[in-house]
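As the structure is a prediction and not an experimental result, all values here were calculated from the model. Atoms within each ligand, like the ligands themselves, are counted from 1 in listed order.
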Amino acid sequence: MTFKHVTVLLHEAVDLLDVKPDGIYVDATLGGGGHTGEILKQLSTGRLYSFDQDQTAIDYNADRYASEIAAGKLVLIHQNFRNLQTSLQDQGVTAVDGIVYDLGVSSVQFDEGDRGFSYNHDARLDMRMDQDQDLTAHEIVNQWPFNQLVRILTRYGEDRFGKAIARKIEQHREQAPIDTTFELVEVIKEAIPAPARRHGGHPAKRTFQALRIAVNDELGALEDSLTQALDLLALDGRAAVITFQSLEDRLVKQMFREKTSGPDLPPGLPVLPDQYQPSFRLLNRKPILPPAAERAANHRADSAKLRGIERVRLD
Ligand SMILES: C[S@@+](CC[C@H](N)C(=O)[O-])C[C@H]1O[C@@H](n2cnc3c(N)ncnc32)[C@H](O)[C@@H]1O
């Protein structure tokens, strides 16, 4: 089985973790196993727990890293990363030295025609990362009320034509269900005025992004998981997060800012008392971006941003 996914910010993200050879690490987004492989190279007696909610990714890496798994160096966990804490607890793990997130979908999920993630492949509207989940893009497009459609298209797609697209969807589905990605693309094209369709990328890009975020509750899962991840970090433990769109990046940036800033105190206090010192520090003030050569070679890298945080004291 091949798994064609080119890892973005491979070394930058793992370097940010500053892997200790005997440490306990987590890769929250296993995918094709790029970051997992790089962390494994740096471990001696340590152990890595790698999560994915997609069975395809788990099966592929079970093969790829069979010897590391047999040696007890790598444990694959088929779970949504929003269940990070309980899944690790089940493994007897209550603190970790580092965790990496490389968010979104892998190229394999995109390119597997039948998953319905891509407006370039004709498939049933699906977009589930976890094949066992009930909610699909088909259900959202065909059953969610107009107002809810407008909300996700404008909020998650940041689409100024969200309302117009929702209205067209409503008109079409009254006649017959919208079953496939290509049918949806036609509906979107009808809703967007011709001049606006000529620039700004594929006209369906924002709608597909919005549906994917909604189907997989991507922002909710990230917020839940990252909160648990920061709680799990041991002293000197680090988290590195790669995002691919502004909503995710904003969430990570705000959460990191909250964790690394002290309370608002009256000015003039000579030294911040110990109990008010933040427990974390930012590893980079500005996000790390992929180098130009990486961006030129891999269009997925275009929008990638890497942020890191370190625990500097225990609460
Ligand atoms: C961009 S890929 C990761 C690629 C990987 N770093 C590599 O180097 O090959 C993201 C992966 O994370 C998984 N994923 C996304 N959200 C998840 C979640 N909430 N829980 C578990 N896995 C998730 C996806 O199924 C996908 O396989």
Side-chain angles (χ1 to χ4, degrees), residues 1-17 25-41 48-65 74-88 98-112 115-118 126-133 135 156 209 211-229 239-245 247-249 251-252 290 294 297-306:
M1 178 182 178
T2 54
F3 199 107
K4 282 206 194 110
H5 176 84
V6 181
T7 301
V8 173
L9 290 164
L10 173 64
H11 297 288
E12 291 85 346
V14 178
D15 286 353
L16 214 60
L17 292 182
Y25 288 86
V26 174
D27 180 351
T29 50
L30 171 66
H35 291 108
T36 279
E38 201 53 35
I39 296 171
L40 284 173
K41 274 189 214 161
L48 172 63
Y49 296 87
S50 294
F51 284 69
D52 208 296
Q53 60 178 330
D54 186 336
Q55 189 62 50
T56 317
I58 297 288
D59 292 345
Y60 169 73
N61 288 285
D63 242 28
R64 177 172 182 186
Y65 295 114
L74 172 65
V75 178
L76 300 184
I77 302 181
H78 180 213
Q79 264 293 343
N80 192 311
F81 59 50
R82 81 187 316 159
N83 304 320
L84 188 74
Q85 201 154 21
T86 50
S87 304
L88 288 173
I99 178 162
V100 63
Y101 292 82
D102 173 17
L103 296 167
V105 287
S106 69
S107 310
V108 174
Q109 289 165 324
F110 245 156
D111 297 342
E112 266 181 340
R115 303 295 293 268
F117 282 110
S118 166
D126 188 324
M127 301 197 194
R128 288 170 304 168
M129 289 191 208
D130 172 359
Q131 295 95 334
D132 295 331
Q133 178 184 299
L135 181 65
Y156 298 160
Q209 170 181 308
L211 286 171
R212 208 195 76 200
I213 293 175
V215 168
N216 298 289
D217 189 18
E218 291 183 28
L219 297 170
L222 176 60
E223 185 165 3
D224 283 358
S225 186
L226 208 48
T227 306
Q228 296 165 35
V241 187
I242 304 170
T243 61
F244 290 89
Q245 37 98 346
L247 297 165
E248 280 172 346
D249 184 56
L251 193 158
V252 176
E294 183 176 352
N298 180 7
H299 76 91
R300 278 191 75 252
D302 272 345
S303 54
K305 287 184 178 168
L306 167 64

Heavy-atom donor-acceptor pair, [X] side chain to [Y] backbone, under 3.5 Å:
X: Thr29; Y: Tyr101; result: no
X: Asn298; Y: Glu294; result: no
X: Glu223; Y: Gly220; result: no

Checklist entry - Just heavy atoms, cut-off under 4.0 Å: does Arg300 contact ligand 1 by side chain, backbone, both, or neither? => result side chain
Checklist entry - Looking only at heavy atoms, is any part of Met129 under 4.0 Å from ligand 1, and if so is it the side chain, the backbone, or both, or is it neither? => result side chain
Near [X], which atoms of ligand 1 are under 4.0 Å from a heavy atom of that residue?
X: Val105; result: 1 (C)
X: Gly31; result: 3 (C), 4 (C), 9 (O), 27 (O)
X: Gly34; result: 7 (C), 8 (O), 9 (O)
X: Gly33; result: 7 (C), 9 (O)
X: Gly32; result: 7 (C), 9 (O)
X: Asn80; result: 18 (C), 19 (N), 20 (N), 21 (C)
X: Gln79; result: 20 (N), 21 (C)

Checklist entry - If you measure only the distance, is there a donor-acceptor pair under 3.5 Å linking the side chains of Gln131 and Thr56? => result yes
Looking at ligand 1, does [X] have a heavy atom less than 4.0 Å from it?
X: Glu218; value: no
X: Asp130; value: no
X: Arg82; value: no
X: Leu30; value: yes

Item to check | Ser106, any N or O under 3.5 Å of ligand 1 N or O | outcome: no
Checklist entry - Any N/O of Leu103 closer than 3.5 Å to an N/O of ligand 1? => result no
Next on the checklist: For atom 12 (O) of ligand 1, which of the options Leu10, Asp224, Thr29, Val8 provides the nearest non-hydrogen atom?
Outcome noted: Thr29
Next on the checklist: Given Asp54, Thr7, Asp52, identify the one with the heavy atom nearest to atom 24 (C) of ligand 1.
Outcome noted: Asp52
Would you name the heavy atoms of [X] and [Y] that are closest together and state the gap between them?
X: Leu30; Y: Ser50; answer: CD1-CB, 3.8 Å
X: Ala221; Y: Asn80; answer: CB-OD1, 4.0 Å
X: Leu135; Y: Ala214; answer: CD2-O, 4.1 Å
X: Met129; Y: Arg115; answer: O-NH2, 3.2 Å
X: Ile58; Y: Ile77; answer: CD1-O, 3.7 Å
X: Ala304; Y: Pro290; answer: O-CD, 3.4 Å

Item to check | Derivation of the salt bridge (Lys or Arg N to Asp or Glu O under 4.0 Å) call for Asp130 and Arg128 | outcome: CA-CA 5 Å; Asp130 172 359; Arg128 288 170 304 168; over 6 Å; no
